[in-house]
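Reading through the structure tokens given below for one structure.
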Amino acid sequence: MNVTTDPCRLTIDEARLALRKRELSAVELIRACLQRIAAVEPRLNSFITVCEKEALDQAQAADRRLASGDGGALCGIPLAIKDIYATRGVRTTCASKILENFVPTYDATVIARLRAEGAVFVGKANLDEFAMGSSTENSAFGPTRNPYDLERVAGGSSGGSAAAVAAGECLGSLGTDTGGSIREPAAFCGVVGIKPTYSRVSRFGVIAYASSLDQVGPFAKTVRDAAILMRSLAGGDPADSTCSTRPVPDYEQALTGDVKGLRIGVPSEYFVEGMQPEVEDAVRAALRQYESMGAAIVEVSLPHTGYAIAAYYLIATAEASANLERYDGIRYGLRVEAESLLDLYRKTRARGFGAEVKRRIMLGTFALSTGYYDAYYLKAQKVRTLIKRDFEQAFTRCDLIATPTAPTTAFRLGEKTSDPLQMYLSDIFTISVNLAGLPGMALPCGYDSHGMPIGLQLIGPAFGEEAIFRAGDAYERSGAVTRRPAAV
Ligand code: GLN
């Protein structure tokens, strides 16, 4: 290890080497992250809960494991966890007042897996309430700010997880992605984020938003680090019947640096009017870079893209309205005492949920109600099938699809809060991937004139994560973009 580097600036790949060689201890590493957190949190608000004591205990245990030579794949690596994962003994709020004091008695499967690998949990990261949003401004605990410009949003809904990695508060993190919630904040904060194929990673213990779309995934500084984390996350789980038992490849082995002959599809529908020209320029430059490395660029069409937002916001809200029924003041979290049971439900939900969550519950309940089901929910499901077919068709002509991750770079705090439709439009390039159940990764491909990061999105066919990692890593290694550290 380069001794002049602040340990919190290391990649997971570098840190695990330094830890194994005992040039760095897990306790030193977590202390560096905690120091960084103390320095930047008052400005960023990436975390809802910082687990200082637990993290130090875990780091000590990791050092003992490392000394005995039986450290797991992530032994001593500090990670932040979106506050939507059940963590035994540590409160899990989902950024909602309704779960403000909810302390789970068990770990989500992925948390248990990371724990078994020796990971150190720095804290629970901020998000939009119940993962509903694109800016982390819908958090009951205040918004997360962008580490590149404190006046701008970090993206959402996993904004805290993205900002924490960008600012060096941890080496990697977990998010969830229902319509772009890993990829958009990754793009806005200049880090790597991947939403794996639907069913690739267990969701047991992950608080449900829209169950046919939700997926778990990591954030990291580099593509290699994301591949390292994915290896530990993916794989079958008897506790989650929706989780695939397909064997998990060694994603790191896919990182050959070679993209010769790779066919990259570019959908014309993803270069729309109104998008920030600098975003388009950076993505086109990345495509030229791929060409120079031996990949072939082919034009593809995803003709039903224009219906994706409408279909998504019907399906997601319908599923959310059903999933959020369980917060009734009886079983979990907040309870507002009242005269009658019905009144208790009403008062608890009225006080516990924020405005956006209420809007979604109402939209979803309406879309599912008698007489409207066929017109809205069923029709949206049919559109979903068409979108899925668009991708199947496109993947007969290419191996991967490349697009911008979002139409703009990070917008200003408050810019879209009064206009939900404008906010929903920032998901235009990410939600189709969830509707089709495909894997998609965001990785940095440049900066705009304000120095804000721009994200390239690579989309693969189902279970095509290896090709995504290979292509992402090859681009990163080419040095086409020099990463700029966050200003904070
Ligand atoms: N912005 C989208 C929404 O609000 C996506 C959120 C997500 O992926 N969790 O639904």
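Both ligands and their constituent atoms are indexed starting at 1 by order of listing. Residue numbers count from 1 along this sequence.
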>> Yes or no: does Gly133 have any heavy atom under 4.0 Å from an atom of ligand 1?
In response: yes

> For atom 6 (C) of ligand 1, which candidate among Ser181, Ser158, Ser157 provides the closest heavy atom?
Replying inline: Ser181

Any side-chain donor near an acceptor of the partner, [X] and [Y], under 3.5 Å:
X: Lys82; Y: Ser173; answer: no
X: Asp448; Y: Gln276; answer: yes
X: Asp214; Y: Thr176; answer: no

Which segment of [X] sits under 4.0 Å of ligand 1 when only heavy atoms are counted:
X: Arg360; value: side chain
X: Ala131; value: both
X: Tyr424; value: neither

Between [X] and ligand 1, does any nitrogen or oxygen pair lie at a separation below 3.5 Å?
X: Met132; value: no
X: Asp427; value: yes
X: Ser134; value: yes

> What about the rings of Tyr106 and Phe204, do their centers lie closer together than 6.0 Å?
Replying inline: yes

> Among Arg183, Arg384, Gln215, whose side chain to side chain donor-acceptor pair (under 3.5 Å) with Asn434 holds?
Replying inline: Arg183

>> If the cut-off is 4.0 Å to any non-hydrogen atom of Gly180, which atoms of ligand 1 fall inside it?
In response: 8 (O)

> Can the positive tip of Arg115 be found less than 6.0 Å from the middle of the six-membered ring of Phe121, inside 45° of the ring normal?
Replying inline: no

